[in-house]
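Written out below as structure tokens is the structure these notes cover.
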Amino acid sequence: MQNNTFSSLIVGQKIVTLRQVDSTNNYLKLQLAKCEPLPEGTVILAEDQYAGRGQVRNVWHSQPGKNLTFSILLYPVFIKPDFQFNLNIAVSLAINDVLRSIVGPSAKIKWPNDIFYEDKKLGGVLIENSLQGSQLKSSVIGVGINVNQTSFPESVKNVSSLREILHQDYDLNVLLQQLCKAIERRYCELKENPGTHLTEYLGALYRFGEDHPFIIDGKPEVARIVGVNERGFLKLDINGSLRSFNLKEVSFVIR
Amino acid sequence: MDIKQVQELIRFVSKSGVNEVSIEEKDFKITIKTNQAPTYINATVPAPVMPAAAAPQPAAVAQPVAEVKAPAAVAQPVENANYITIKSPMIGTFYRSASPDKPSFVNVGDEVKAGQVICIIEAMKLFNEIESEVSGRIVKVLVENSSPVEYDQPLFLVEPA
């Protein structure tokens with residue numbers, strides 16, 4: 001019954017390229033609000049995204065034309081809203097698939113969805129869903145990857161780009177095609193079998209299974225990531241006792 | 001139960017003429033005594049009832065289709081039975097506006113249309129714009145901005161148009 005997605009859903013078949021936009025997510029959401037009939041898999045690509053967002057207030061710094069900033073429209077109506085973390089897992093894993101193929105196994109996912117290389121951030125994901133009551137209607141997947149940018153604002157620590165790792169430029173269009181293909185593959189797997197990606201996600205997780213410093217309840221503590229539950233809570237082993245954490249309850253200490 | 005609900009409860013109790021009211025939830029207990037003639041009413045609200053349901057606001061227990069869970073706690077006027085409760089479809093953080101510097105999506109008294117965005121719930125960096133399923137008037141906002149919500153927790157009361 002659901003197999004038709006394999007033939008009908010082509011992420012990136014329709015790509016709208018904008019020279020400049022505040023945020024590709026906002027643009028896509030605005031189009032949706034106007035009831036534009038957009039096919040699933042539509043990609044909005046910005047050459048210059050000047051107000052891309054991380055979490056509510058974090059603004060993503062991107063030099064025009066240097067990086068990949070785009071949004072994908074999906075209609076994951078099969079996902080129960082309370083288990084939407086699976087969508088985050090599928091997307092993060094897809095991006096990690098591609099980056100690992102380019103820079104090797106040091107490409108990781110920092111919980112819940114930062115794109116990391118060693119101890120540095122290469123990119124991020126911002127997912128914005130629309131729900132009618134308790135029914136998921138549409139999902140706008142914003143992705144930002146630092147590709148050819150080599151200078152970053154002083155205030156931004158622990159950041160890198162593909163160019164800094166590879167010491168040469170990486171073609172933005174090639175990367176976009178790779179990411180679209182990977183996201184489509186992971187999304188179809190998710191549709192077939194929700195929850196199927198958890199083990200792989202843990203395998204790709206930054207600092208999984210190792211002792212590292214965290215800030216817990218406002219104070220530094222050495223702990224070990226031992227799992228993530230179906231709602232995305234991070235399970236830590238702190239001196240032998242297990243606790244689960246919501247997003248704002250724990251933070252990583254990175255150097 | 002937030003401070004507003006406690007205040008409302010105190011007002012309610014003082015007007016009601018009873019001497020003492022105790023409400024007990026899973027990890028919350030409140031007793032309000034007045035200096036009136038001793039009449040004892042003891043209401044125990046079964047968990048997992050959300051804070052709002054324990055408040056003496058009539059509408060909080062008036063769920064249109066689902067069973068009414070709270071027993072005896074309130075004897076209510078019929079007029080509110082038609083209110084529709086909009087509940088949280090997930091665990092997360094409840095936001096009444098798109099960002100701190102933006103106005104609330106809806107306020108008490110506003111008319112909303114089905115499909116109109118009424119709040120955002122953030123869960124693990126996934127942002128969810130929740131649209132109303134019904135057209136009507138917002139009667140009550142049951143959760144403070146930027147506070148955590150549980151799955152199925154009542155968020156708004158709407159008087160259907």
Side-chain angles (χ1 to χ4, degrees), chain A residues 23 25-26 29-30 32-33 35 51 53-59 76 79-92 109-114 124-142 228-234 244-250, chain B residues 48 50 63-66 83-102 104-106 112-136 138 145-158 160:
Chain A
S23 123
N25 269 29
N26 284 354
K29 279 162 55 190
L30 210 61
L32 284 173
C35 296
R53 282 175 299 150
Q55 275 181 76
V56 182
R57 287 197 158 177
N58 304 342
V59 173
I79 294 177
K80 287 206 183 82
D82 209 27
F83 294 94
Q84 59 180 268
F85 195 73
N86 286 327
L87 181 62
N88 174 64
I89 288 182
V91 171
S92 312
I109 302 164
K110 175 172 161 280
W111 174 84
N113 60 13
D114 279 336
V125 179
L126 177 67
I127 300 180
E128 295 183 89
N129 298 322
S130 174
L131 280 83
Q132 178 125 37
S134 59
Q135 172 66 50
L136 240 165
K137 288 199 317 184
S138 63
S139 199
V140 172
I141 316 281
V228 172
N229 76 13
E230 72 274 15
R231 287 189 175 84
F233 284 67
L234 188 70
S244 287
F245 293 89
N246 204 335
L247 192 59
K248 279 156 195 155
E249 297 168 345
V250 62
Chain B
M50 297 314 154
Q63 294 163 347
V65 195
Y83 290 170
I84 288 174
T85 309
I86 297 177
K87 297 175 182 176
S88 178
M90 69 197 73
I91 296 174
T93 306
F94 172 83
Y95 293 104
R96 290 186 60 189
S97 62
S99 62
D101 52 334
K102 297 247 171 73
S104 296
F105 293 113
V106 290
V112 293
K113 291 206 172 74
Q116 185 178 333
V117 175
I118 51 173
C119 66
I120 286 178
I121 296 176
E122 181 201 349
M124 287 293 162
K125 268 169 94 173
L126 285 84
F127 293 83
N128 297 273
E129 287 188 347
I130 313 293
E131 298 175 358
S132 177
E133 284 176 298
V134 293
S135 296
I138 301 288
N145 183 49
S146 181
S147 53
V149 288
E150 293 295 322
Y151 175 76
D152 239 12
Q153 179 170 345
L155 305 174
F156 296 95
L157 284 183
V158 179

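Protein chains get the first letters and strands the later ones, always in sequence-line order, with residue 1 at the start of each. For the numbers below, each heavy atom of this structure counts, side chains included, while hydrogens, waters and symmetry mates do not. Since the structure is predicted, the reported quantities are computational estimates derived from the model, not experimental observations.
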- prompt: Can you tell which of A/A33, A/G133, A/P112, A/S134 has the highest number of heavy-atom pairs within less than 4.5 Å of chain B?
  reply: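 Highest number of heavy-atom pairs under 4.5 Å: A/G133.
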
- prompt: Which of these passes side-chain contact (heavy atoms from CB on, under 4.5 Å) with B/F94: B/C119, B/P148, B/S146?
  reply: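 Going through the options one by one, the only one that passes is B/C119.
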
- prompt: Between A/N88 and B/K125, does any side-chain donor sit less than 3.5 Å from a side-chain acceptor?
  reply: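 Looking only at side-chain atoms, B/K125 and A/N88 do not form any donor-acceptor pair under 3.5 Å.
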
message: Hydrogens and angles aside, do B/E131 and A/S130 bring a side-chain donor and acceptor to less than 3.5 Å of each other?
response: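 Side-chain D/A pair, B/E131 to A/S130: present.
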
B/I91, part contacting chain A, at a heavy-atom distance under 4.5 Å: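 Both parts, backbone and side chain.
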
Residue part contacting chain B, namely of A/K137, when any heavy atom lies under 4.5 Å: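 Just the side chain, heavy atoms under 4.5 Å.
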
- request: Against chain B, label A/F233 side chain, backbone, both or neither, depending on which of its atoms sit under 4.5 Å from a heavy atom there.
  value: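 For A/F233, the contact with chain B is made by backbone and side chain together.
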
task: Check whether any side-chain N or O of A/N229 sits under 3.5 Å from a backbone N or O of A/R231 as a donor-acceptor pair, and report yes or no.
output: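 Judged by distance alone, yes, a pair lies under 3.5 Å.
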
